[in-house]
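Note sheet for the following structure.
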Amino acid sequence: MIKIINGEVYDPLNKIAGEIREIWVEGGKIINPPTKPRTPVEVIDAAGMLVMPGGVDIHSHIAGSKVNAGRVMRPEVHGWGEGRSLYTAEETGHLYARMGYTTVMEAAVAPLKARHTHEELNHIPVLDKGCYTLMGNNHLVLDCVRRKDLNTLKNVVAWLLSASRGMALKVVNAGGVENWKRGGNVRSLDDSVVEWGVTPREIITMLVEANEALGLPHSVHLHCHNLGLPGNYRSTLETLQALEGRRVHLTHLQFYSYGGKGQADFCSRAQEVAEEVNAQPLVTVDVGQVIFGDVTTMTADAPAQYGLYRITGNRWISTDVNMESGAGIVPLAFRPRSPVNSIQWAVGLELFLLIEDPWRVFLTTDHPNAGPFTMYPQVIKLLMDRDYREEMMGSLHPKTFKRTTLAEIRREYTLSEIAVITRAGPARALGLKDKGHLGVGADADIAIYRKGNDWEEVFSRAAYVLKAGELVIKDGEMVRGTWGKTFRVDTPRDPRVEKVVKDKYQRWGTVSFDNYGVEDAYLPREEVIRCR
Amino acid sequence: MRVMNKIELTLKEETTIPLEAEVISPDLLAGLRHQEICRLPVYLGRHKARLGDLFSIKGERSSQIYVQGNLSRVKKMGWGMSTGRLCIAGNGGMHLGAGMTGGEIVVDGNTGDWLGAQMQGGLIRIRGSAGNLVGAAYRGNHTGMNRGLIVIEGNAGNMIGEHMRRGVIVVHGDVGDFPGAMMRGGTLVLAGPVGEGPGAGMHRGTIVVLGPCRILPSFKYAAAYKPVFLLLLYRWLKGQGVEIPGDKVEAEYRRYCGDLAETGKGEILLWHEAN
Amino acid sequence: MRVNNVVCMFCGALCDDLELVVEGDRITEVRKGCAIGKKKFLHYQEPVLSPMVDGKVVDLEEAIQVAVDILSSSRYPLIYGLSSTTCEGQVAAVRLAKAIGANIDSTSSVCHGPSTIAKQIVGVSTATLGEVKNRADLVIFWGCNPAASHPRHFNRYSVLPKGQFIPGGREGRRVVVVDVRPTPTARIADTFLQVTPGGDYEALSTLRALLKKIPPDREEVAGIPLARWEELAEACKAARYGILFFGMGLTMSRGRYMNVVAALSLVRDLNAFTRFGAIAMRGHGNVTGSEQALAWTTGYPFAVNFSRGTPRYSPGEFTAVDLLARGEVDAVLVIASDPAAHFPAAAVRHLEQVPVIALDPHPTVTTSVAKVVIPCAVSGISAAGTAYRMDGVPLRAKKVISVAYPSDAEILASISEGVKQ
């Protein structure tokens, strides 16, 4: 039994903002203060410290085939130092934990390679995790969309989630990756997906419908088309309008809020995008904040990555995954002296500051795409400390301020708001009821930070981190290695869907149908979220 | 006050287990007393040891360092050095002078792979032969040697000057395959016979070939001429104590442009009597 | 008892449709496998070695204890092999390497290590084998001979199957083979280009120059008339979906990783015209998995050194062949491979001089020179675990029968426990 005393508690879900409260922990859970403790009580004195729920990352790339391919391709960026962005499984767990993060979602998994993702997730210490199953270019899905068969689609989605042991439904450049396999892409919601006679609009709207009909805890996790291209804010708005107010999560929105036609007139359209998000109360987003320095871009958006290779001439990995998906990896550097890069940096902050409801905008860097997750504390400081923000803006390309509104924004985040965008909000959006808060019954994942003047320092190294009630970090150092669990969803489905799926796999797949789904052996510590 | 004497290190016992001794560098030793030098950490295989355990050491506080013995298993000497002089009486091991930015390394014998890898300045002179990947980039990096001069009086292995960006490498003896592979700039002067594929995948830079060699099909013959640039290069090299043998100074060279599979902005200058 | 959909771990094609008949603890019948696979399942299902130290039979605990003693007193150990074991075994080997500050390397330094180095220079455009089946209308085999090394490759993936967008199967594909000799694979080719030995780099960079419309000024490259290379370059550009399979003819011949750099660059450049990919013909059952497991545990694909605690990577320096040929290591633990049979003479000479610990179910040249022999269960027959196909698709290899000896992973964990005490 552990008792945390004297700490300033920030628990936005339970409307606690900076009150000194006691928190009691037993059996991995937060409990009511016992009248008579049965077991010896270990006391953590958090005087002069902030107590928050453990951090929850809704979108990161930490395990699986493309993360590992990135590691293999870039032996020059391993380790913990500056400019390092690719960590081993063990380092990933330690580095997240010492920032007070305890739950992280791997954001893109092709079902055929899901076994790989789970194998790696099992080697990440401390964290609870889950993964999102890619479906926006899956042939089973495209076939249902072509036939406008929502019922089968629902069952296919349920089956794919089960086969891949996924946590949520992910869509990446719907239809665009399929076209890439013929050298093409899609540029608007109404472009055609070759050989399928469907459009991205149809794929996205039907998948959102299926997701909601199944009652999945997280909304569709949507990576739009035209990633990173000038003028793409139009397709972002178009996508939001097409969904007519339905629940959806737009990921790394920063990469989709650009105006202009090319490099010369590249500019921010974060304001328009933020307004649309503000107007649609069921929409959540994460930002994908740019961090200056060396990154490794990796995404299932294979055609976008080919574009990035053509611009930079850097190394390029591209993998087509049959019937399902693709992937691309390109190393990149974000430079403050580049007008485009510094505008991208500003766009991220604009979104944070212009989207009014912190419960709908979450802190991510789309690790390791826009920056390493280890830089989250810097982003927190940028949001909380306007002086620091302005100081940093001073080192940027001067065009940044003519083409963004960042200089005019005066908002500073409060500690409660930070607690929302880094833990309470993402936990709620994921439907993880025991995460992101410190109420009785919640998982005892607790981050305790020593207060200070520099918010980056405060959030970089937690004074204490409890994971499932066990002390894992003390003064930023690992004191105990533990193994977290893997979340996955399970939703009832018509058993007849198996026949439909099996028939297709036997004809066009290359592994036996019985060997396709991830076996239980790969989820030794799972928590199943059952729907309906 | 720095006293202008020298430090002498003598390897006590030849080792088959590799010894990593990046501390053998003028930058570090110049400021240390004898006791401190003896205590510097080195790695013998998987065990940490002290420099004094493996070397008998004379002198202190000097940037003139003399190392003796068969040091072919001693890695990383002169790693990142920026000043002073490191003289090796014997063979040197891998990564000698890698990442150095200034100063001078002189080796009487042979050295291993990665000599002067990612070097950024200074001078390395080898009386014997060097291994593979002289002046190259480490794996994953795209910038190898980037300024400085490496002179090898014997032979050199494969892939010398891989991803080289600036600086000069001169090899008097034979060189192995793919010298100047994926070169981005700088100059290679190869006085002896050259292996397969010189300049493979090069973007920019110059490879001067005085011995026999086969040019890749992705290089195009441009012209035969007497490059003024070489006159200046040879004169500069002479100033550095590097003689180019024979009457190649004012001779005619055949210029090949390549690698055309890449940008085609590099060149091979082949001495007219070479083939 | 029938066991269906069994994964065959004997080559990188990782066929997973085998049907076994098991009677008690014996496999009595194998269906669907190739001749090699069938033979392995029928004749190599049980470990036939006994634990031995210096040629004398001992019990398992004693053999493990001697292994622990050797590794504990070693000053610069090497852990080598990994390609025929499961990822669970590979991860256990990395843990041991970390515990004893060892070098750890896979067989890729004698097969596709150069391909990985080339990926670190160029990247790679690639695809799963299912895309080859469903889309590839141009298939090039360069310096590889799957007809002999991956017998069901043509059938399952690359040449014969009817694909989603290749309804005609074999008729819908053009098959090109480039090699230094007419191999059995060349017999099934529509076009066979016999290049002169050592000519691969020249040929590949000629193709790249041709894509840029800069033909070399010579009539013949690598022993083939230029016109035929021009024709191949045009065929590549005109393909709807092209795939280049490459093998040890590129990686282990003169030029090594530069050959692969040229091949991967060619494939990358072709994407300006059409979708094109390259796949390394990985040989051993789980050599691809060794690259994966090492990458997520150490950050590096092979040739990793732990002598200073944190992992470091340097092919040529920490690769097994080089460590042995230079006589640097003083103890070697070999897992699931046979370096004494396959390494160059200089490396084998040193292997014969240092204490070798061999984990293997079956006698090999290496077990015959080893000081300590520890038999283990056969991965994919009597030990379950993950294996990665040559295209990176992971599969779960089954445990079909039980044997008296533990798996590689379990033995390595015991050794790790021992050295920590």
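No hydrogens, no waters, no symmetry mates; every other heavy atom, side chains included, goes into these values. Please read all numbers here as calculations on a predicted model, not as lab measurements. In what follows, chains are A, B, ... by sequence order, proteins preceding strands, each numbered from 1.
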Legend entry - B/Lys265 atom NZ, neighbour heavy-atom count above 12 within 6.0 Å: no
Legend entry - Structural part of C/Tyr313 lying under 4.5 Å from a heavy atom of chain B: side chain
Legend entry - Option in B/Ala200, B/Gly140, B/Gly131, B/Gly201 with maximal non-hydrogen atom pairs under 4.5 Å from chain C: B/Ala200
Legend entry - Derivation of the side chain to side chain contact (heavy atoms under 4.5 Å, CB included) call for B/Leu86 and B/Ile24: CA-CA 8 Å; B/Leu86 174 63; B/Ile24 301 181; 3.9 Å; yes
Inset, instruction - Applying side chain to side chain contact (heavy atoms under 4.5 Å, CB included) between B/Ile160 and each of B/Leu115, B/Asp177, B/Val175, B/Leu133, report the one that passes. - result: B/Val175
Legend entry - Option in B/Pro217, B/Ala261, B/Gly264 with maximal non-hydrogen atom pairs under 4.5 Å from chain C: B/Pro217
Inset, instruction - Let me know if B/Glu162 has heavy atoms under 4.5 Å from chain C in its side chain, its backbone, both or neither. - result: side chain
Inset, instruction - Under 4.5 Å heavy-atom distance to chain B, tell me which part of C/Ile121 shows up: side chain, backbone, both or neither. - result: both
Inset, instruction - Could you tell me which of C/Glu202, C/Arg256, C/Lys119 has the largest number of non-hydrogen atom pairs under 4.5 Å with chain B? - result: C/Glu202
Inset, instruction - Answer with yes or no whether the side chains of B/Asn141 and B/Gln118 bring together a donor and an acceptor at under 3.5 Å. - result: yes
Legend entry - Heavy-atom pairs under 4.5 Å with chain C, option from B/Ser72, B/Ala137, B/Gly258, B/Ser218 with the top count: B/Ser218
Legend entry - Residue among B/Leu216, B/Asp113, B/Asp259 with most heavy-atom pairs under 4.5 Å to chain C: B/Leu216
Legend entry - Atom group of C/Ile100 that falls short of 4.5 Å from chain B, counting heavy atoms: both
Inset, instruction - Tell me, for C/Arg326 versus chain B, whether the close heavy atoms (under 4.5 Å) come from the side chain, the backbone, both or neither. - result: both
Inset, instruction - Side chain from CB out, backbone as N, CA, C, O: work out which of these in C/Arg218 comes under 4.5 Å of a heavy atom of chain B, or both, or neither. - result: side chain
Inset, instruction - Mark yes or no for whether C/Thr319, through its side chain, and C/Gly316, through its backbone, hold a donor-acceptor pair below 3.5 Å. - result: yes
Legend entry - Test item: side-chain donor near acceptor, B/Thr101 and B/Gln120, under 3.5 Å: no
Legend entry - Which atoms of C/Val329 approach chain B - backbone, side chain, both or neither, heavy atom under 4.5 Å: neither
Inset, instruction - State whether C/Phe273 and C/Lys237 meet the cation-pi test: NZ (Lys) or CZ (Arg) under 6.0 Å from the six-membered ring centroid, and within 45° of the perpendicular axis. - result: yes
Inset, instruction - Would you mind telling me which of C/Thr206, C/Asp217, C/Val261 has the largest number of heavy-atom pairs within less than 4.5 Å of chain B? - result: C/Asp217
Legend entry - Heavy-atom pairs under 4.5 Å with chain C, option from B/Lys75, B/His142, B/His163 with the top count: B/Lys75
Legend entry - Greatest number of heavy atom pairs closer than 4.5 Å to chain C - which of B/Thr15, B/Ile17, B/Asn132, B/Thr16: B/Ile17
Legend entry - Backbone N/O of C/Ala278 and side chain of C/Thr126: donor-acceptor pair under 3.5 Å: yes
Legend entry - Residue of the set C/Asp330, C/Val354, C/Asn103 for which side chain to side chain contact (heavy atoms under 4.5 Å, CB included) holds with C/Leu78: C/Asn103
